[in-house]
2 protein chains.
Amino acid sequence: MARTTDGDGTPVPQRLLAAATRLFADHGYDRTSVQEIVEAAGVTKGALYHYFGSKDDLLHEVYARMLRVQQERLDAIADADAPVEQRVRDAAADVVVTTIDNLDDASIFFRSMHHLSPEKNKQVRAERRRYHERFRALIEEGQDSGVFSTATPADLVVDYHFGSVHHLSTWYSPEGPLTPQQVADHLADLLLRALRP
Amino acid sequence: MARTTDGDGTPVPQRLLAAATRLFADHGYDRTSVQEIVEAAGVTKGALYHYFGSKDDLLHEVYARMLRVQQERLDAIADADAPVEQRVRDAAADVVVTTIDNLDDASIFFRSMHHLSPEKNKQVRAERRRYHERFRALIEEGQDSGVFSTATPADLVVDYHFGSVHHLSTWYSPEGPLTPQQVADHLADLLLRALRP
DNA sequence: CCCGGCAGACTAACCAGTCGGTATGTCGTG
DNA sequence: CACGACATACCGACTGGTTAGTCTGCCGGG
């Protein structure tokens with residue numbers, strides 16, 4: 001029996017990461033002990049430290065995964081061949097849907113930055129900045145071409161929208177009346193309405 | 001010499017609370033040891049546990065203070081004798097300014113809820129809900145009287161705006177180009193623009 | 001003389017990370 | 001194909017360090 005997939009079918013590293021994600025989201029990073037993680041994943045500490053350098057590494061993986069996914073999706077949308085207005089709407093709605101789809105990741109994201117080691121923290125900030133700038137460029141493009149109001153600096157507009165995304169993990173519940181897509185449409189709509197000249 | 005104000009003029013309990021607030025905001029609740037708090041306040045554990053029941057109590061005080069202040073301000077604005085549009089704008093801008101004025105409290109607020117004991121957590125949620133409902137009522141009043149668009153459910157509008165408020169502690173810096181009032185005006189403006197029929 | 005206000009040593013619990021050990025698999029060689 | 005050498009994947013007891021909270025007692029003012 002291959003030890004790597006012992007128990008169920010998924011490989012141990014992914015089981016560990018999944019367990020850690022759920023526990024970090026539920027109880028917070030430092031209310032979660034390494035012992036709890038390995039128990040939830042059905043292994044022991046030996047396995048965890050075989051695949052990951054530290055508890056901190058596990059957290060960093062959550063950030064890396066989320067940032068990679070979001071950046072890829074934004075790039076694809078921003079590079080698409082559509083009017084700015086449409087691309088902004090798509091980007092704004094898309095980030096809402098993927099955030100809701102990974103609500104655990106999202107609540108960890110905004111709550112646990114200060115648990116990352118200084119270098120990892122710096123790295124995460126840098127990647128998030130890249131994302132922010134890409135989004136801001138889209139807004140500016142719309143402002144320059146006259147389809148968006150220039151009343152508000154693009155930076156602030158981006159922070160305004162991401163505030164609402166950030167906030168999703170606080171209030172959104174799958175049991176609520178709205179589907180992720182409906183929430184996304186509404187939030188994108190609010191952004192676009194706010195940007196009308 | 002009265003021990004209560006030993007060192008500087010402010011009473012020990014307030015010194016403790018101030019030190020805790022700064023440290024919780026800077027390093028997070030559980031990266032802050034009780035020892036650090038008492039050292040920053042210039043006292044010892046004996047003093048802290050003389051005035052507060054637990055470390056958790058200290059955190060709860062931060063929440064209680066913030067909620068009380070915000071609720072009072074919102075009530076005053078909502079009860080004022082002015083058109084809905086104006087009252088919403090005032091309320092939206094005011095919460096931004098007071099949040100920036102107490103940025104430490106704000107970053108603690110959204111990051112450390114899960115460190116509160118279950119009952120305290122419940123209590124905080126209840127008070128926050130009251131705040132939310134009051135704000136929502138304002139939006140609905142505007143929608144019912146036709147000055148605001150009804151395209152988006154009022155609940156979502158409130159969460160949209162509070163997302164951006166929540167997010168302030170992530171990006172706002174006093175060294176940045178915008179004063180708190182300018183940020184507040186912009187964010188209130190974005191909200192009002194999004195609500196135009 | 002007594003009590004609120006505080007000092008600071010102490011305790012019991014916990015926890016991240018280590019380390020020596022075991023089982024299974026793979027590969028080169030005769 | 002048999003066999004040893006080495007590697008990978010994991011186990012779980014242990015350690016060193018930290019921490020929230022307690023408790024005894026001192027000290028000065030009313």
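Computed from a prediction, not measured in an experiment: that's the story for all the values here. In what follows, every heavy atom counts, from backbone to side chain, and hydrogens, waters and symmetry copies are set aside. Just so it is clear: chains get the letters A, B, ... in the order the sequence lines come, proteins before strands, and each one is counted from 1.
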* To do: May I ask you to evaluate whether B:H50 reaches the phosphate of C:dG5, defined as a side-chain N or O under 4.0 Å from OP1 or OP2?
  =>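 Affirmative; the distance criterion is met.
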
* To do: Take A:E175 and A:S173 through the test side chain to side chain donor-acceptor pair (under 3.5 Å) and record every step on the way to the result.
  => CA-CA 5 Å; A:E175 277 84 37; A:S173 158; 3.2 Å; yes

* To do: For DNA chain C, find the residues of residues 25-34 of chain A with a heavy-atom distance under 4.0 Å and give them by number; none if there aren't any.
  =>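 Listed by number, they are A:T32, A:S33, A:V34.
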
May I have the distance from [X] (atom [atom1]) to [N] (atom [atom2]), rounded to whole angstrom?
X	N	atom1	atom2	answer
A:R15	D:dA9	CZ	P	14 Å
A:F52	C:dA16	CZ	C1'	16 Å
A:L48	C:dT18	CG	C1'	13 Å
B:D56	D:dT19	CG	P	18 Å
A:E39	D:dC11	CD	P	12 Å
A:Y51	C:dG17	OH	C1'	18 Å
A:K55	D:dG17	NZ	P	19 Å
B:Y49	D:dT24	OH	P	17 Å

* To do: Kindly determine whether B:Y131 and B:L67 satisfy side-chain contact (heavy atoms from CB on, under 4.5 Å), including the steps that lead there.
  => CA-CA 8 Å; B:Y131 185 90; B:L67 285 162; 5.6 Å; no

* Do B:L168 and B:V69 share a hydrophobic cluster, counting only Ile, Leu, Val, Met, Phe, Trp and Tyr and linking them when any side-chain heavy atoms are less than 4.5 Å apart? ->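 Shared cluster, no.
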
* Asked: Choosing from D:dC11, C:dA7, C:dA9, which nucleotide comes nearest the side chain of A:T44?
  ->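 Looking only at side-chain atoms, A:T44 lies closest to D:dC11.
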
* To do: Identify which nucleotide among C:dA7, D:dC11, D:dA20 has an atom closest to any side-chain atom of A:A47, counting heavy atoms from C-beta outward.
  =>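 Nucleotide nearest to A:A47's side chain: D:dC11.
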
* Side-chain donor/acceptor of A:R136 to backbone N/O of A:D155, under 3.5 Å ->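 Such a contact is absent between A:R136 side chain and A:D155 backbone.
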
* To do: Sort out for me which residue in A:D189, A:D94, A:D185 forms a salt bridge (Lys or Arg N to Asp or Glu O under 4.0 Å) with A:R89.
  =>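 Single salt bridge (Lys or Arg N to Asp or Glu O under 4.0 Å) partner of A:R89 among A:D189, A:D94, A:D185: A:D189.
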
* **A:K55 to A:Y29, cation-pi by 6.0 Å centre distance and 45° axis angle** =>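 A:K55 over A:Y29 ring: yes.
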
* To do: Evaluate the ring planes of B:F110 and B:H166, with Trp represented by its six-membered ring, and classify them as parallel (under 30°), tilted (30 to 60°) or perpendicular (over 60°).
  =>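 If you compare the ring of B:F110 with that of B:H166, the planes turn out parallel.
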
* Asked: When the nearest nucleotide of DNA chain C is assigned to A:E36 and to B:G46 on a heavy-atom basis, which residue is associated with the more 5' position?
  ->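 Nearest-nucleotide comparison on DNA chain C picks B:G46.
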
* Asked: Considering only heavy atoms and no angle criterion, is a donor-acceptor pair shorter than 3.5 Å present between the side chain of B:K45 and the base of D:dG21?
  ->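 Indeed, a donor on one side and an acceptor on the other fall under 3.5 Å apart.
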
